[in-house]
Amino acid sequence: MRNHESYFALTEIYDPAVNLCRWRHALGSVSQAVEARAIALLIRRPGEASKDLQMLNSTCLKFVRSPWGAYYDFRLSRLQNPDLEFLSKQPTHQPTLDTLIGPPPAVLGKRADYAFLRKRLKIGRRLGVKLNSDKVWFDAMSIAFTESASHVPWSAIEETKFLLPHHSKDVEKGRTFVQLKSRYSAVLTALNRVKVGLAIVLPSGDIIVENDEAKRILA
């Protein structure tokens, strides 16, 4: 039976599509639904020079803003690259236990990045999942559970599967929204260079877009 937290998380998941600042709240709701301690959403942009974009729940965000988080990012984060490479070759929306990604559990637990996060972030077992099958973008999510948990609960896997399609759609919509917003900003910047008041207005008189000169005149 689906838990109440999962349905509540659905009401939060689509907010970040038009407001990236809402990702922390959305992922916080998801972490409650699947009873996870930490969730990180990775959006890998095309191009070697592009920087990965990460969306985090409150627990992860607090960690990455700490000196320990800075150390992890600089010294240890690269150790997870083989895990991400493995996920990139998996089917979409299929949660994969970290114990099945590569190294045996005993070896994985002693890996420097795992040991560090277990000590500083208090997390243990994890789920990894690829969110889309896009040939250019790579979006993945890591769901981590408390260090005291010896295994990932089956209920968490089921609730994760229920929410994953919605996460994927939200990321896709968010990407489109960001692109449109960027184009809108470019157009508005061009209009602001024109010293004539320009505006796009609906038949009702409502103004959709106006440049700075139009704002000055109308004021």
Side-chain angles (χ1 to χ4, degrees), residues 1-10 12-13 23-44 52 54-64 68-69 72 76-77 79-133 138-171:
M1 183 176 179
R2 190 109 294 130
N3 63 44
H4 170 74
E5 287 79 6
S6 289
Y7 288 114
F8 177 75
L10 279 180
E12 300 275 308
I13 283 177
W23 268 117
R24 179 170 60 88
H25 299 284
L27 293 178
S29 297
V30 174
S31 66
Q32 292 182 7
V34 302
E35 298 182 353
R37 173 164 173 76
I39 297 183
L41 176 63
L42 170 72
I43 300 176
R44 179 154 286 179
D52 293 344
Q54 286 188 321
M55 307 303 182
L56 312 167
N57 75 335
S58 296
T59 300
C60 283
L61 189 61
K62 183 178 179 180
F63 171 74
V64 300
W68 296 120
Y72 175 83
L76 303 175
S77 61
L79 295 177
Q80 70 177 342
N81 287 339
D83 306 340
L84 294 173
E85 181 65 22
F86 179 90
L87 282 180
S88 70
K89 295 179 172 61
Q90 300 308 301
T92 58
H93 303 166
Q94 183 60 51
T96 304
L97 297 172
D98 58 352
T99 53
L100 301 177
I101 288 179
V107 175
L108 185 62
K110 294 179 181 179
R111 203 171 73 183
D113 59 325
Y114 257 69
F116 186 84
L117 292 179
R118 185 169 59 250
K119 181 179 180 180
R120 298 298 177 185
L121 196 52
K122 308 301 181 184
I123 62 174
R125 295 272 67 87
R126 302 178 216 174
L127 283 177
V129 63
K130 183 172 72 171
L131 293 180
N132 64 34
S133 56
F138 171 60
D139 306 323
M141 187 161 62
S142 174
I143 305 174
F145 298 84
T146 179
E147 60 177 336
S148 61
S150 60
H151 64 281
V152 175
W154 178 252
S155 59
I157 297 176
E158 288 299 297
E159 297 304 326
T160 298
K161 288 181 178 179
F162 169 67
L163 294 170
L164 281 174
H166 302 280
H167 272 297
S168 298
K169 186 59 65 177
D170 188 32
V171 171

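Starting from 1, each residue takes its place in the sequence as its number. Treat the numbers as computed from the prediction; the structure is a model and nothing was measured.
- Between atom CG of residue D113 and atom CG of residue N81 there is a gap of 10.0 Å, rounded to the nearest 0.5 Å.
- In this structure, OG1 in T99 is found 8.0 Å from CG in L108, a value given to the nearest 0.5 Å.
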### Task
For side-chain contact (heavy atoms from CB on, under 4.5 Å), just list the numbers for Q54 and L42, CA-CA rounded to whole Å, side-chain angles, deciding distance to a tenth of an Å, and then say yes or no.
CA-CA 5 Å; Q54 286 188 321; L42 170 72; 4.2 Å; yes
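- Side-chain N or O atoms of K130 include one that pairs as donor or acceptor with a backbone N or O of S88 at under 3.5 Å.
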### Query
Please walk me through it: do V171 and M141 pass side-chain contact (heavy atoms from CB on, under 4.5 Å)?
CA-CA 11 Å; V171 171; M141 187 161 62; over 6 Å; no
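- Residues passing the side chain to side chain donor-acceptor pair (under 3.5 Å) test with R37, sequence neighbours excluded: none.
- Formation of a donor-acceptor pair under 3.5 Å by the S168 side chain with backbone atoms of L131 is found in this model.
- Applying the salt bridge (Lys or Arg N to Asp or Glu O under 4.0 Å) criterion to E35, with sequence neighbours excluded, gives no partner residue.
- Of all the heavy atoms in L163 and A33, the pair that sits closest is CD1-CB, 4.3 Å.
- Residues satisfying the ring-ring contact (aromatic ring centres under 6.0 Å, His included) criterion with H166, sequence neighbours excluded, are Y14.
- Without hydrogens or angle criteria, S142 side chain to A140 main chain gives no donor-acceptor distance under 3.5 Å.
- Scanning for side chain to side chain donor-acceptor pair (under 3.5 Å) contacts around Y72 gives an empty result, with sequence neighbours left out.
- Here the CG-NZ distance, from L84 to K89, works out to 11.0 Å after rounding to the nearest 0.5 Å.
- By the side chain to side chain donor-acceptor pair (under 3.5 Å) test, R118 pairs with no residue at all, sequence neighbours left out.
- Of all non-hydrogen atoms in L10 and F162, the two that sit nearest each other are CD1-CZ, 3.5 Å.
- Shown here for V152 and F145, the closest heavy-atom pair between the two residues is CG1-CE1, 3.6 Å.
- In this structure, R111 pairs ionically with D83, as a charged nitrogen and a carboxylate oxygen lie closer than 4.0 Å.
- Atom CD1 of residue I123 and atom CD1 of residue I143 lie 12.0 Å apart, to the nearest 0.5 angstrom.
- Applying the side chain to side chain donor-acceptor pair (under 3.5 Å) criterion to S58, with sequence neighbours excluded, gives R24.
- Aromatic ring orientation, W23 versus H167: parallel (interplanar angle below 30°, classes split at 30° and 60°).
- The minimum heavy-atom distance between T92 and S133, with the atom names listed, is CG2-N, 3.5 Å.
- Of all heavy-atom pairs between L79 and P82, the closest is O-CD, 3.3 Å.
- Interatomic distance, L61 CG to I39 CD1, rounded to the nearest 0.5 Å: 13.5 Å.
- Although no hydrogens or angles enter the test, the distance criterion places no donor-acceptor pair under 3.5 Å between the side chain of D139 and the main chain of N132.
- Nearest heavy atom pair, residue G124 against residue Y114, reads O-CE2, 4.1 Å.
- Separating the CG atom in D170 from the CD atom in E12 is a distance of 11.0 Å, to the nearest 0.5 Å.
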### Query
So R125 and L97, side-chain contact (heavy atoms from CB on, under 4.5 Å) or not? Walk me through it.
CA-CA 8 Å; R125 295 272 67 87; L97 297 172; over 6 Å; no
